[in-house]
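Below is one structure; the comments refer to it alone.
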Protein chains: 2
Amino acid sequence: MPLTRKGAATRRRIIEGAAEQIRAEGVFALRLEDVMARTATSKSQLFHYFPDGKDELLLAVARHEAARVIDDQQPELGALTSWDAWYRWRDKVLARYRAQGVDCPLHVALSRVGAATDAGRSVAGELLDRWQGQLAEGIRRMQEGGEIAPELDADREAAALLAGIQGGVLILLTTGGTAHLEAALDLGIAHLRTGNHRDR
Amino acid sequence: MPLTRKGAATRRRIIEGAAEQIRAEGVFALRLEDVMARTATSKSQLFHYFPDGKDELLLAVARHEAARVIDDQQPELGALTSWDAWYRWRDKVLARYRAQGVDCPLHVALSRVGAATDAGRSVAGELLDRWQGQLAEGIRRMQEGGEIAPELDADREAAALLAGIQGGVLILLTTGGTAHLEAALDLGIAHLRTGNHRDR
DNA sequence: CGAAGTCTGGACTTGCCGGTCCATTTTCGC
DNA sequence: GCGAAAATGGACCGGCAAGTCCAGACTTCG
């Protein structure tokens with residue numbers, strides 16, 4: 001079933017509209033009718049593009065949002081080659097989540113799909129992998145440049161940092177405060193710098 | 001409306017049964033009928049003890065689980081007075097979540113109630129506060145004993161560590177792996193030991 | 001330009017499940 | 001033990017929203 005140009009546009013409009021609706025009201029309150037109203041589509045369109053109904057739509061929303069998460073951190077995340085770059089990245093992450101605030105369509109869509117589902121697991125897992133991969137890559141680059149102690153295990157450090165970020169965001173989602181995210185980011189980076197040879 | 005001995009027992013049975021059911025099937029799939037079947041109660045009992053229905057029940061489950069989270073970490077969490085105690089605590093946290101695996105009634109109940117709700121916020125917020133408080137207390141004790149550098153900000157360190165734990169658990173919930181939680185715990189503690197005076 | 005197939009509108013069905021009600025039984029203080 | 005209050009059983013209701021269907025309009029490509 002090939003998608004015409006128009007069809008693809010409609011499909012995207014639906015996904016984005018659903019994401020907006022989720023941001024506005026939450027997933028539990030998400031009704032197909034709301035999505036229809038918001039995107040000026042009819043029920044048959046929803047089922048035309050997402051034959052498995054609501055769950056399939058939610059999964060598409062999750063995928064869409066997952067892609068944004070990494071994109072929003074570029075180009076910094078892809079080029080963590082100096083301490084300056086690390087701090088710019090830190091600022092960007094913080095700004096992004098501060099702006100997003102309490103409403104995270106990704107987290108919430110996944111929780112509805114069931115994070116323990118195969119489909120949910122793969123969306124979340126891939127995001128986590130790519131994220132951690134880029135962090136580890138950054139750490140290795142810094143080690144090559146002699147700015148991070150070579151005896152640190154890059155993957156393990158990246159895992160811990162990523163965990164801190166995830167937790168910080170999770171706490172942000174419930175408390176509305178960014179203090180934890182900030183602390184996790186700052187102390188995580190600080191930890192990388194400890195025992196570091198030529199501190200700028 | 002005082003609760004008789006029997007009434008209190010029934011109430012508790014309902015909460016625990018609901019938690020089990022959530023562990024088994026998830027929140028979205030949670031139907032009152034399932035809880036009734038599992039706890040051998042009738043619908044009128046559910047509404048007798050939780051007049052506001054499902055949401056009130058879910059909140060009670062969340063509260064119940066939140067209390068367990070802290071309790072399960074005792075007595076270690078309350079007495080972080082030596083590095084040995086810290087490592088024993090670390091092991092306990094890891095064991096607890098490893099055993100719990102992918103199904104976390106607290107996380108999932110809160111996501112249904114809406115973490116951004118006042119009620120949800122208060123349950124999660126209080127848990128987080130108490131948890132972080134005990135960590136910070138432990139750090140201060142260690143500082144008094146000269147085992148952690150006095151210039152560290154105990155609250156900030158505790159916040160970062162807590163974020164790491166939360167993120168580690170969150171990742172555990174979706175991937176099933178404890179690597180991130182472990183890394184966050186170990187590197188978090190390692191960070192506390194850096195620059196520390198009389199390393200054992 | 002024309003046919004195959006995509007896209008769209010919207011009415012209709014359906015089943016589930018949260019919530020209400022009242023009658024009956026049990027508990028518990030005095 | 002006795003009466004008031006609490007606990008229990010289970011039938012019933014009602015609404016909501018997911019999903020189905022078919023007829024008709026638009027796209028696309030030879």
Side-chain angles (χ1 to χ4, degrees), chain A residues 1-22 24-62 108-109 111-114 117 119-120, chain B residues 1-22 24-62 108-109 111-114 117 119-120:
Chain A
M1 49 161 158
L3 271 265
T4 69
R5 184 173 298 273
K6 193 179 180 188
T10 302
R11 197 189 133 97
R12 262 188 51 197
R13 208 170 72 241
I14 293 175
I15 292 176
E16 281 162 10
E20 282 173 34
Q21 182 63 31
I22 288 173
E25 307 275 351
V27 231
F28 332 101
L30 180 70
R31 290 167 307 151
L32 260 24
E33 283 185 41
D34 298 330
V35 178
M36 289 161 54
R38 190 178 281 270
T39 61
T41 50
S42 67
K43 193 157 277 188
S44 59
Q45 283 169 283
L46 258 47
F47 283 86
H48 181 67
Y49 295 107
F50 306 96
D52 284 344
K54 207 177 184 176
D55 286 347
E56 191 178 351
L57 172 57
L58 253 349
L59 203 59
V61 170
V108 100
S111 79
R112 172 63 170 75
V113 168
T117 309
Chain B
M1 45 160 164
L3 271 264
T4 70
R5 186 174 296 272
K6 192 179 181 187
T10 302
R11 198 189 133 97
R12 263 188 51 198
R13 207 170 73 242
I14 293 175
I15 292 177
E16 282 161 10
E20 282 172 33
Q21 182 63 31
I22 288 173
E25 308 274 351
V27 228
F28 330 102
L30 180 71
R31 289 167 305 148
L32 261 23
E33 284 185 41
D34 298 331
V35 179
M36 288 161 54
R38 189 179 281 269
T39 61
T41 50
S42 66
K43 194 159 274 188
S44 58
Q45 283 168 285
L46 257 48
F47 283 85
H48 181 68
Y49 295 107
F50 306 97
D52 284 344
K54 205 175 183 175
D55 286 347
E56 191 178 350
L57 172 57
L58 253 350
L59 204 57
V61 170
V108 101
S111 79
R112 171 62 169 75
V113 169
T117 310

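Protein chains get the first letters and strands the later ones, always in sequence-line order, with residue 1 at the start of each.
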Given the rule in the side chain to side chain contact (heavy atoms under 4.5 Å, CB included) test, do B:Ile15 and B:Phe50 qualify, once you have shown the distances and angles that lead to the verdict? CA-CA 10 Å; B:Ile15 292 177; B:Phe50 306 97; 3.8 Å; yes
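- Comparing the start and finish of the helix from C:dC1-D:dG30 to C:dC30-D:dG1, five pairs each, the helix axis swings through 40°, to the nearest 10 degrees.
- C:dA23 atom P lies 18 Å from atom NE2 of B:His48, rounded to whole Å.
- As rounded to whole Å, 18 Å separates atom C1' of C:dC7 from atom CZ of A:Arg12.
- The CZ atom of B:Arg13 lies 8.5 Å from the OH atom of B:Tyr49; values are rounded to the nearest 0.5 Å.
- Between B:Leu46 and B:Met36 there is a side-chain heavy-atom pair separated by less than 4.5 Å.
- Between A:Thr10 and C:dT8 there is a side-chain polar atom (N or O) within less than 4.0 angstrom of OP1 or OP2.
- D:dA5 atom P lies 19 Å from atom NZ of B:Lys6, rounded to whole Å.
- Phosphate contact (OP1/OP2 of D:dA7, side-chain N/O of B:Gln45, threshold under 4.0 Å): absent.
- B:Arg112 places no side-chain N or O within donor-acceptor distance of the main-chain N or O of B:Val27, the cut-off being under 3.5 Å.
- As a whole-Å value, the separation of A:Leu57 CG from D:dA17 C1' is 14 Å.
- For A:Phe47, counting side-chain heavy atoms from C-beta on, the closest listed nucleotide (D:dT20, C:dC7, D:dA7) is D:dT20.
- A:Leu32 has its CG atom 19 Å from the P atom of C:dT14, to the nearest Å.
- Judged by distance alone, with hydrogens and angles left aside, B:Lys54 brings no side-chain donor or acceptor close enough to the base of C:dG19 to form a pair under 3.5 Å.
- Residues B:Asp52 and B:Leu57 form no side-chain contact, since every pair of their non-hydrogen atoms from C-beta on lies 4.5 Å or further apart.
- B:Phe50 comes within 4.0 angstrom of no nucleic acid atom, judged by non-hydrogen atoms across all strands.
- A close approach under 4.0 Å does occur between a side-chain nitrogen or oxygen of B:Tyr49 and OP1 or OP2 of D:dT8.
- The CG-P distance, from A:Leu46 to C:dG9, rounds to 11 Å in whole Å.
- In this structure, B:Met36 places its CE atom 9 Å from P of D:dG9, rounding to the nearest Å.
- One interatomic measurement links the two molecules: CZ of A:Arg11 to P of C:dC7, which rounds to 11 Å at whole-angstrom precision.
- Each of A:Ser44 and A:Arg31 lies near DNA chain D, and the nucleotide nearest A:Arg31 is the one positioned closer to the 5' end.
- Between the B:Lys54 side chain and the B:Arg31 main chain, no donor and acceptor come within less than 3.5 Å of each other.
- Checking A:Thr4 against B:Asp52, the closest nucleotide of DNA chain C that is more toward the 5' end is the one next to A:Thr4.
- Side chain of A:Thr10 to main chain of A:Lys6: a donor-acceptor pair is present (N/O by atom type, distance under 3.5 Å, no hydrogens or angles).
- Residue A:Ser42 places its side chain closer to C:dG9 than to any other of D:dT28, C:dG9, D:dT20.
- B:Leu30 comes within 4.0 angstrom of the backbone, heavy atoms only, and of no base.
- A:Leu32 places a side-chain heavy atom less than 4.5 Å from the side chain of A:Phe47.
- Place B:Lys43 and B:Ala8 on DNA chain D by their nearest nucleotides, and B:Ala8 ends up nearer the 5' end.
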